[in-house]
There are 2 protein chains.
Amino acid sequence: MAGVNACWHDGDMTAPRRSDATRAAILTAARERFAADGFERATIRAIAADASIDPSLVMRYYGNKEKLFAAAAEFDLRLPDLDGVPPEGWGAAMVAHFLDRWAGDEKLLALLRSGVTHEAAAERMREIFAAQVGPLAARLAPDPASAATRAGLIATQILGFALCRFVLRLPPVVDLDRDAAIAWLGPTVQRYLHDSV
Amino acid sequence: MAGVNACWHDGDMTAPRRSDATRAAILTAARERFAADGFERATIRAIAADASIDPSLVMRYYGNKEKLFAAAAEFDLRLPDLDGVPPEGWGAAMVAHFLDRWAGDEKLLALLRSGVTHEAAAERMREIFAAQVGPLAARLAPDPASAATRAGLIATQILGFALCRFVLRLPPVVDLDRDAAIAWLGPTVQRYLHDSV
DNA sequence: GTTGTTGGCCAACACTTGTTGACAACAGTA
DNA sequence: TACTGTTGTCAACAAGTGTTGGCCAACAAC
């Protein structure tokens, strides 16, 4: 709370508001609810209750439920830089990265749970993979023409694993530890990314 | 519609009722709605409208929405008998079978769309894979101890593919034709089913 | 001080949901 | 004929939804 009137005389900084803490609390609660329940079952009232504020404040600060979701699901996969990794390690590195990313950020789970029944969430998911996994595949694939297909195939395995482990909770998939998951999925992603069909 | 009063003098047959056509129409409409919208967004009223009947009839014949879903999502994967297939063709045969199964029966899509937010649907999905994919893996896996894990891994790839192709509609995955899908996914399933880690 | 603005709560709106019960049309049977 | 059980229609309920507007206290600027 120190230096409340810090400089924001230019650039994309916006003025700090007294309600910033409330806004952040709403966003945090929204992410948790969307991740746990999906778009339709996550209610404004429940989100507001989690944030210990009135439901009408959610509307005032984010307009409507749709925009709240858009704000809560802003996301960067932070894909690793594989330039320093030998090609035979790409698959394992990708799987390891995604495992950590899924565990550490509820936004991905919120997107997955919501994307299945909510078109806007599905569209966001398409954008993320097109804009982030696509270019990575384009840089690393042996033939550029197949890059989009390779990115899509990687998505099928990564999202399928997340679906079975975090959403459907299939016991054998839940029980896999980190090393085993990398050992099993790594070669698959490796093949999709790098091998010829 | 011929032979309306066929024999049902024993066994598990139940007496034909004048409302059988209505019951069937409800079930068909329910499957379509659950597949298209998931459990919560598929409303009793919409299902009834599709079946051209009154919403209250749905309740009379199926009790409540939960039981309607259970009746609509009864499912058999009809896994192929791989005994006559050489081991190196198991992966491709499995992928081909699942592709046809997904395309030909809306129940699987209904289960997937609903299982993400509805616990009962997720539980049904776990049962199906435990009871049907599990035993198949147990018969074909090189070491019985790994059978459950192998079945789970196959589920991650198969369900992930269905998720990306039919639900999220990632363009590169939608664009894959049948042969290409088999060529890419076959070796993955093959490895999960048969290879040592 | 007295303004104007912001942050928050409360009560209500209009609508949709699953679900229920009453009632009329019909079938089969005695 | 009258009686009984089935099929279907209609209207309503109670609960929950996203969303809106009004009200008041706390703050900021003068």
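Letters A, B, ... are given to chains in the order of the sequence lines, protein chains preceding strands, and every chain is numbered from 1. Every value quoted in this text rests on a predicted model; they were computed, and no experiment measured them.
Ring geometry for B:Phe69 against B:His118 counts as perpendicular: the plane angle is over 60°, on a 0 to 90° scale with 30° as the lower cut. Ring-plane geometry between B:Trp184 and A:Tyr192 is classed as perpendicular, the angle between the planes exceeding 60 degrees on a 0 to 90 degree scale with a lower cut at 30. Taking the six-membered ring where the residue is Trp, B:Trp90 and B:His194 present perpendicular rings, their angle passing 60° and hence far from 30°.
The base of C:dG7 is paired with the side chain of A:Arg60 by a donor and an acceptor separated by under 3.5 Å.
The distance from atom NZ of A:Lys65 to atom P of D:dG16 is 15 Å, rounded to the nearest whole Å. Counting to the nearest Å, the P atom of D:dG16 and the CZ atom of B:Arg41 are 22 Å from each other. A straight line from CZ of B:Arg33 to C1' of C:dG18 spans 16 Å, rounded to a whole angstrom. When the P atom of D:dG5 is taken as reference, atom CZ of B:Arg17 falls 17 Å away, rounded to whole Å. Distance CD (A:Glu40) to P (D:dG16): 18 Å, rounded to an integer number of Å. As rounded to whole Å, 9 Å separates atom P of C:dT19 from atom CD of B:Glu66. We find that CE of B:Met59 is positioned 14 Å from C1' of D:dA14, with the value rounded to whole Å. Straight-line distance from the CD1 atom of A:Ile44 to the C1' atom of C:dC13: 16 Å, rounded to whole Å.
With a 4.5 Å cut-off on side-chain heavy atoms, B:Asp175 and A:Thr149 do not count as touching.
Residue B:Ala42 is in sugar-phosphate contact alone, with no base atom involved, counting any heavy-atom pair closer than 4.0 Å across all strands shown. Looking at heavy-atom distances under 4.0 Å, A:Ser56 makes contact with a base.
Nearest-nucleotide mapping onto DNA chain D: of B:Ile53 and A:Arg18, the residue sitting toward the 5' end is B:Ile53. Sequence order on DNA chain D of the closest nucleotides to B:Arg45 and B:Ser19 puts B:Ser19 first from the 5' end. Taking for each of A:Asp20 and B:Thr43 the nucleotide of DNA chain C with the nearest heavy atom, the 5'-most of the two is the partner of A:Asp20.
In this structure, A:Asp177 has no salt bridge (charged side-chain N to carboxylate O under 4.0 Å, His left out) partners at least two apart in sequence or on a different chain.
Residue B:Tyr61 places none of its side-chain N or O atoms closer than 4.0 Å to OP1 or OP2 of D:dT6. Contact annotation: A:Thr22 does not reach the phosphate of C:dG7 (side-chain N/O to OP1 or OP2, under 4.0 Å).
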